[in-house]
Amino acid sequence: MKQASVLILDDEVIMRDFLEETLKRKLLNVECTAEPYTALKKLKEKFYEIFITDLKLPYLNGLEVLKKSKEISPYTEVVLITAYGTVESAVEAMKLGAFDYINKPFKPEEIELIVDTIIKRFAEEKEEKEEKEEEKKEETVKFPEIVTNSKQMIDVLKLISRVA
C-alpha cells in the first residue's frame, strides 16, 4: 500500500521539525515548507492526503491558505494549527473545509490521532470504491446483454442474481 503524503507549512523551524519527526516515525512521506506560496505550488504539483498549516504565516494567513488549498486540491484534508486560536477562527476554518483545528502547544499523540483518522478515512473510501467497482464488474459479467445506468434496474439485476 502507498504511504500517505503529508505537507507541512509552518514558519517556525522548531514546529516544522517537531511535526516532521513525529510523522516520519509513522512512516509517512513528509515534506515541509515555511512559505505559503511554495506550499500552494506543491499542492498543484502533487497530491497530499494531509496538509498541516499554521494559522499565522507571513504573506498569507492560514485561513487564506486553507481556502486556496481547497480550491487547488479539494480532496486533501487540511489541519490548521495555531498558538493564536479563537472560537471565531476555528468556526471559520471548519466552514472553509478544515478537517481539524488544534491549538499549540499540543502533544505528538494529538497530531498522530488526527493523522491516523484521516488515513483510515482514505483507506475506507478506497475500499468502498473498489467494492463498488467490483460489484459493477459482477453485474456486467452476469448480464452482459443488459446495459443500464438505472439504479432501480441494477437493483433488480442484483435480486435476480441472488435468487438464481
Side-chain angles (χ1 to χ4, degrees), residues 1-138 151 154:
M1 186 179 147
K2 171 188 160 319
Q3 291 178 326
S5 295
V6 181
L7 179 60
I8 298 167
L9 169 60
D10 200 310
D11 58 329
E12 296 174 25
V13 175
I14 292 170
M15 181 54 68
R16 268 197 327 269
D17 290 347
F18 162 74
L19 287 167
E20 182 176 24
E21 182 180 316
T22 300
L23 298 177
K24 279 191 173 179
R25 280 194 317 242
K26 297 191 71 56
L27 303 176
L28 300 170
N29 293 317
V30 181
E31 293 181 40
C32 299
T33 185
E35 214 285 317
Y37 292 106
T38 302
L40 295 171
K41 184 175 184 252
K42 285 178 176 281
L43 285 168
K44 287 179 184 175
E45 296 169 353
K46 176 181 172 185
F47 177 72
Y48 296 87
E49 283 82 3
I50 304 164
F51 176 38
I52 300 171
T53 181
D54 195 6
L55 181 64
K56 192 170 183 180
L57 296 162
Y59 315 115
L60 289 174
N61 72 43
L63 293 175
E64 292 170 322
V65 170
L66 167 62
K67 186 176 180 181
K68 289 179 185 295
S69 71
K70 283 300 193 177
E71 290 170 3
I72 294 167
S73 185
Y75 298 109
T76 297
E77 294 294 359
V78 181
V79 178
L80 227 78
I81 57 175
T82 185
Y84 306 96
T86 65
V87 172
E88 292 81 16
S89 64
V91 169
E92 184 65 20
M94 299 316 253
K95 283 182 182 177
L96 291 172
F99 182 84
D100 212 332
Y101 179 103
I102 56 176
N103 288 303
K104 297 177 186 177
F106 51 84
K107 296 178 181 161
E109 297 82 23
E110 292 176 76
I111 197 72
E112 288 173 348
L113 178 64
I114 292 167
V115 166
D116 287 344
T117 301
I118 294 169
I119 292 170
K120 183 179 177 187
R121 181 194 228 178
F122 270 101
E124 288 170 353
E125 288 173 359
K126 182 180 179 192
E127 187 177 310
E128 190 176 298
K129 183 179 177 184
E130 288 171 353
E131 286 174 4
K132 285 181 181 178
E133 287 175 2
E134 190 61 35
E135 283 178 15
K136 275 191 169 185
K137 284 181 188 174
E138 287 175 13
K151 174 143 177 39
I154 290 170

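Taking NZ of K68 as the reference point, atom OG1 of T53 lies at 13.0 Å (rounded to 0.5 Å). Note that the CD1 atom of I114 and the CD1 atom of I52 stand 8.0 Å from one another [nearest 0.5 Å]. Note that the CG atom of L63 and the NZ atom of K95 stand 11.5 Å from one another [nearest 0.5 Å].
Applying the salt bridge (charged side-chain N to carboxylate O under 4.0 Å, His left out) test to E12 and every residue at least two apart in sequence or in another chain returns K104.
Under 4.0 Å is where a charged nitrogen must lie from a carboxylate oxygen, and between E112 and K107 no such pair does. Ionic pairing of K56 and D11 is not present here: no N-O contact between side-chain nitrogen and carboxylate oxygen is shorter than 4.0 angstrom.
Counting only residues at least two apart or in different chains, ring pair (Phe, Tyr, Trp, His ring centres under 6.0 Å) contacts with residues 55-97 are absent. Evaluation of the side-chain hydrogen bond (donor to acceptor under 3.5 Å, both in side chains) test over residues 35-44, restricted to residues two or more places apart or in two chains, returns E31-K42, E35-T38, K41-E45.
When all heavy atoms of V65 and P36 are compared, the pair lying nearest together is CG2-CB, 3.9 Å. The nearest pair of heavy atoms linking S69 to L43 is CB-CD1, 3.5 Å.
Counting only heavy atoms from C-beta outward, the side chains of F18 and F106 approach each other to under 4.5 Å. Using a 4.5 Å cut-off on side-chain heavy atoms (C-beta onward), S73 and F51 make no contact.
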